[in-house]
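Bear in mind that the values here come from a model prediction, so they are computed numbers and not experimental data. Sequential numbering from 1 along the given sequence is applied to the chain's residues.
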Amino acid sequence: MKPFGPRPGGRTSPEAMANPISEMILPDLSRKVVVLYLSNRTYEHVVVMSDPVFELQGELLFLCGEIPDGVSPNDWAVGVRTHVAWRQVEEYLVFDSLEDYLNRAALAMEDTTLQ
């Protein structure tokens with residue numbers, strides 16, 4: 001993980017000034033699939049993305065990744081890059097693979113307890 005905010009003592013390195021994300025504590029989600037529960041959506045409407053990375057756009061931190069196969073109706077958005085403001089995320093689940101996510105989602109749908 002990377003440190004969040006200024007380093008102890010209030011000093012910010014020149015590298016961090018050029019790349020503010022380098023000073024933040026952020027999870028490494030590369031090569032993962034994440035399910036995001038957002039503050040502005042119901043629990044039934046989640047965002048699923050693969051291989052997400054954090055990007056600073058303007059002054060806002062975004063989690064950016066691609067919509068994987070099998071997670072959108074008719075797969076109309078497969079491969080489309082999606083960007084979610086990190087401040088909108090209330091909860092997130094991390095899966096090691098798309099297969100793991102789809103298998104677990106299928107189990108949840110059988111029990112009708114998909115979270």
- Task: Would you check if Val89 and Tyr37 make a side-chain contact, meaning some heavy-atom pair closer than 4.5 Å?
- Result: no

- Which residues share a side-chain contact (heavy atoms from CB on, under 4.5 Å) with Asn40, sequence neighbours left out: Leu38, Gln88

- Message: With a 4.5 Å cut-off on side-chain heavy atoms, are Leu63 and Val34 touching?
- Response: yes

- Message: What verdict does the side-chain contact (heavy atoms from CB on, under 4.5 Å) test give for Gln57 and Cys64, after you've listed the backbone C-alpha separation in whole Å, the side-chain angles of each residue and the deciding distance to 0.1 Å?
- Response: CA-CA 11 Å; Gln57 297 180 14; Cys64 309; 3.9 Å; yes

- Task: Not counting sequence neighbours, list each pair that qualifies as a salt bridge (Lys or Arg N to Asp or Glu O under 4.0 Å) and has a residue in residues 61-73.
- Result: none

- Note on the structure: Minimal heavy-atom distance between Ser97 and Val33, with the atoms involved, is C-CG2, 3.8 Å

- Should we count CD of Glu99 as having more than 12 external heavy atoms under 6.0 Å? no

- Item | Which residues share a side-chain contact (heavy atoms from CB on, under 4.5 Å) with Leu102, sequence neighbours left out | Val71, Leu98

- Query: Can you name the ring pair (Phe, Tyr, Trp, His ring centres under 6.0 Å) partners of Phe95, sequence neighbours left out?
  - Reply: Tyr101

- Message: Taking side-chain hydrogen bond (donor to acceptor under 3.5 Å, both in side chains) as the definition, give me every residue that meets it alongside Asn103, ordered by chain and number, with sequence neighbours left out.
- Response: none

- Note on the structure: Correct closest heavy-atom pair for Tyr92 and Pro27 would be OH-CG, 3.5 Å

- side-chain hydrogen bond (donor to acceptor under 3.5 Å, both in side chains) partners of residues 71-86, not counting sequence neighbours, each pair once: Glu55-Arg81

- Task: Kindly work out whether a path of hydrophobic side-chain contacts (I/L/V/M/F/W/Y, heavy atoms less than 4.5 Å apart) joins Val84 to Val78.
- Result: no

- Message: Applying a strict under-4.5 Å side-chain criterion to I, L, V, M, F, W and Y, I'd like to know whether Phe62 and Leu36 cluster together.
- Response: no

- In short, Pro68 meets Met49 closest at the heavy-atom pair CD-CA, 4.0 Å

- Query: Are any of the side-chain nitrogens in Asp96 or Lys32 under 4.0 Å away from the carboxylate oxygens of its partner?
  - Reply: yes

- Message: Please say yes or no: joined through hydrophobic side-chain contacts below 4.5 Å, possibly via intermediate residues, are Val47 and Val53 part of one cluster?
- Response: no

